[in-house]
Amino acid sequence: MKELESLDRYSHKSAGYLKGVNNLVFYLFLISFIIIVNIFGYSFINIREIKYLFIVNILLVFVFYFKLFGKYWHPIFIFLGTLTLFQGGLIIFGDYDDYSYVWLMGANFSLTETAIRLTFLLISLSYWFTLIGGYFGKKSIVKDKNFSIYSNHFLNRIKFFFLIIYFLTLPFYVYKQLNYFSFFLKYGYIAFYQTSDYLEQVGYIPRAISFITPLAFLCFFLLERKKKNILFISLPFFIITLSLLFSGFRGSFFTFWLTFLLFYKQKFNNHISYKSLFVLISIISIFGLMISLFREGIQINLIDIFNNNPIFLFFKQQGVSYYVTAMAIEFRHEFAPRIFHYLVIEPFLAIFTKLGGTPGNSFATDLMIKINYDGFLHGYGVGSTYLAEAYLLGGIPFACFFSFVLGFLISRLFSYFEYTTIFNKLIIFTFMQYIAFLPRDLLFMPLAQTVKVAFYLPFLYVILSLVAELFKGVNE
């Protein structure tokens, strides 16, 4: 009898497994077909009509996301969203003149038809290969129970320790943010890229200590399981970080709190609410537009913003990173020979920031010099994008391969996150935060920011080890 029950359970498991495999094969077949349609469609459809293929493509990507990942929050979902914002916003809400003529930072030239078609294809393929890589990545989980050997009593003590560190370093963080905001009010946003006076004004030691504040905050958040405790600590810190937003650094502010939301959802309720998602996008769009006007010294008129649909305006405004991808394709012969040099330097740019602003060391810098040298001298820049640099490195095939690896890595780390130590969680959180900005940033910037965080972790690790030994002695 027991053998029959065991055989029955095995049969059910086998049937479920085979059904899952069949569904996967079916979805992969459909995606492969869509990719082929993309390749031929972007080659032959009228150049003025290809945006509609692009829009259908994005809609299908999100339909397949919900089929493969379910109606749940996942870093792949956030990445696909920021990819749409930074690379697709201008295409979706603009017209042919918007995506065929480059006006970014005074460039003023028309893209060739070949460059436009290849750019559309490159962005579209990146969606699909990231999605496929993400699905395969989420199927594998590696468990590391190193931190789980500690008792709840000890973990509560550790949380308390990080909370103390947070409050001790918070005055330095507030001091730094107020100085930065004061500098912004006095000299404007662009001055941050023209001089390092604001860094010297704060001083090295206060800046170093202030960097510990968000790390300690995140350690407490990642260890805490009670909503009310998290909200009690998070709300004041959110208010403090608004100074970062009002100083013009929208990307740093939004990506940090968007990543915070991702892991908050993972803790308590991972379900995606379409209503809440719409509210979130609306809030980001409205505040994003307001901050853009504020940092440019333009009077904010809320009536005009709402009359012109803030979501459409924000997506079109942020979608200019499409131009960077297009220019990488247009001028590949000029920048491809230097791409290895760019990529070797990138992992260190979060610590040695001045390296990136030196001609010859960064694709973003060299591209700005090419299209507007006077603008470069005044501190302006076009930014970069992982698609542009991946294309420079190996064309569309390598960009697709990189997108697949990126999706796989994102999902693998997200699955690994639940089972690893607090310091690994910090590394993964940082990596995820800057992955969200990758459609508008350097190829290795997530790695660079992770290196910067890792630089501060030994200090925290030594103190944590001392506390662990102290409590070990008490328990004995």
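Excluded from the calculations below are hydrogen atoms, water molecules and symmetry mates; all remaining heavy atoms, backbone and side chain alike, are included.
Closest approach of A399 to A390, counting heavy atoms only: CA-CB, 3.9 Å. Taking every heavy atom of both residues into account, S321 and T385 meet most closely at O-CG2, 4.4 Å. Nearest heavy-atom pair across L426 and L222 is N-CD1, 4.3 Å. The heavy-atom pair separating G360 from H341 by the smallest distance is O-CD2, 2.9 Å. Summarising the geometry of F314 relative to G288, their closest heavy-atom pair is CE1-CA, 3.7 Å, with the distance given to 0.1 Å. Minimum heavy-atom separation, P310 to S285: O-CB, 3.7 Å.
Classification of the F54-F120 ring pair by plane angle, with boundaries at 30° and 60°, yields perpendicular.
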Test side-chain contact (heavy atoms from CB on, under 4.5 Å) on F86 and V320; report intermediate values, then the result. CA-CA 7 Å; F86 294 126; V320 294; over 6 Å; no

Is there a side-chain contact (heavy atoms from CB on, under 4.5 Å) between F254 and I284? Walk through the geometry before answering. CA-CA 8 Å; F254 285 130; I284 292 175; 4.2 Å; yes

Give the C-alpha distance, both sets of side-chain angles, the deciding distance and a yes or no for side-chain hydrogen bond (donor to acceptor under 3.5 Å, both in side chains) between D366 and Y342. CA-CA 10 Å; D366 288 355; Y342 297 152; 2.6 Å; yes

Evaluate the criterion side-chain contact (heavy atoms from CB on, under 4.5 Å) for residue pair S411 and H74; output intermediate values, then yes/no. CA-CA 8 Å; S411 280; H74 192 280; 3.1 Å; yes

Assess the residue pair M368 and Y373 against the criterion (side-chain contact (heavy atoms from CB on, under 4.5 Å)); give the C-alpha distance rounded to whole Å, side-chain angles, the decisive distance to 0.1 Å, and a yes or no. CA-CA 7 Å; M368 184 62 198; Y373 183 69; over 6 Å; no

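The main-chain N or O of Y42 is found under 3.5 Å from a side-chain atom of R117 such that the two form a donor-acceptor pair. A donor-acceptor contact shorter than 3.5 Å links the side chain of S273 to the backbone of S276. Between the side chain of T213 and the backbone N or O of S210, at least one donor-acceptor pair lies under 3.5 Å. Of the possible donor and acceptor atoms, one in the side chain of E346 sits under 3.5 Å from a partner among the backbone N and O of F444. In this structure, the side chain of Y322 engages the main chain of Y99 through a donor-acceptor pair within 3.5 Å. For S234 (side chain) and I230 (main-chain N/O), a donor-acceptor pair under 3.5 Å exists by modelled atom type. Side-chain atoms of K316 never come within 3.5 Å of backbone atoms of I311 as a donor-acceptor pair (strictly under, hydrogens ignored). The backbone N or O of A115 sits less than 3.5 Å from a side-chain atom of T112, completing a donor-acceptor pair. The closest donor-acceptor contact from the side chain of R338 to the backbone of E334 lies under 3.5 Å. The closest donor-acceptor contact from the side chain of T255 to the backbone of G251 lies under 3.5 Å.
Ion pairing between a basic and an acidic side chain is recognised when a charged N comes within 4.0 Å of a carboxylate O; D95 and K51 show no such pairing.
Aromatic rings from F352 and F348 are positioned such that their centres are separated by 6.0 Å or more. Proximity of the aromatic rings of Y264 and F268 is defined here by a centroid distance below 6.0 angstrom, and this criterion is met. Checked against the 6.0 Å centroid criterion, the rings of F312 and F93 qualify as a close aromatic pair.
A side-chain N or O of Y127 and one of T84 form a donor-acceptor pair less than 3.5 Å apart. Between the side chains of T325 and Y391, no donor N or O sits under 3.5 Å from an acceptor N or O. Under the 3.5 Å distance criterion, with hydrogens and angles disregarded, no donor-acceptor pair is assigned to the side chains of Q87 and R440. Side-chain atoms of N57 and W128 form a donor-acceptor pair, as typed in the model, at a separation below 3.5 Å.
The side-chain heavy atoms of L262 and L258, taken from C-beta on, include no pair separated by under 4.5 Å. No side-chain heavy atom of F77 sits less than 4.5 Å from a side-chain heavy atom of Y72. Within the 4.5 Å cutoff, no side-chain heavy atoms of S110 are placed close to those of V102. Annotation: side chain of M327 is not in contact with side chain of F335 (no heavy-atom distance under 4.5 Å). Looking only at side-chain heavy atoms (C-beta outward), D374 and N372 come within less than 4.5 Å of each other. Counting heavy atoms from C-beta outward, F315 and I92 have side chains that stay 4.5 Å or more apart. At least one side-chain heavy atom of V324 sits under 4.5 Å from a side-chain heavy atom of L104. In this structure, the side chains of L85 and P439 stay at 4.5 Å or more apart for every pair of heavy atoms.
The cationic group of K138 does not satisfy the cation-pi geometry with F414, failing either the under 6.0 Å distance to the six-membered ring centre or the 45° limit from the ring axis. Judged by a 6.0 Å distance limit and a 45° cone about the ring axis, R48 is positioned over the six-membered ring of Y96.
In this structure, the separation between CG on N361 and CD1 on I345 is 3.5 Å, given to the nearest 0.5 Å. Of the inter-residue distances, the one linking L223 atom CG with I422 atom CD1 reads 4.0 Å to the nearest 0.5 angstrom. Atom OG1 of T119 and atom CD1 of I396 lie 8.5 Å apart (nearest 0.5 Å). Taking CD1 of I34 as the start and CG of L60 as the end, the distance is 5.0 Å to the nearest 0.5 Å. Interatomic distance, Y52 OH to N46 CG, rounded to the nearest 0.5 Å: 10.5 Å. Interatomic distance, CG of L349 versus CD of Q449, reported as 9.5 Å (0.5 Å rounding).
For OH of Y456, the number of neighbouring non-hydrogen atoms (other residues, nucleotides, ligands) closer than 6.0 Å is greater than 12. By the 6.0 Å contact criterion, CZ on F66 is enclosed, its count of non-hydrogen atoms from other residues, nucleotides or ligands being greater than 12. Heavy atoms of other residues, nucleotides or ligands lying less than 6.0 angstrom from NZ of K71 number more than 12. With a 6.0 Å radius and a threshold of 12 heavy atoms from other residues, nucleotides or ligands, Y204 has its OH atom at or below the threshold.
Evaluated for a ring pair (Phe, Tyr, Trp, His ring centres under 6.0 Å) with Y173, the options F237, F211, F217 yield exactly one hit, F237. Checking each of F260, F256, F417, F221 against F429 for a ring pair (Phe, Tyr, Trp, His ring centres under 6.0 Å) leaves exactly one that passes, namely F256. S403 pairs in a side chain to side chain contact (heavy atoms under 4.5 Å, CB included) with only one of the listed residues (F398, F79, Y386), which is Y386. Exactly one of Y323, Y101, F331, W103 qualifies for a ring pair (Phe, Tyr, Trp, His ring centres under 6.0 Å) with F109. That residue is F331.
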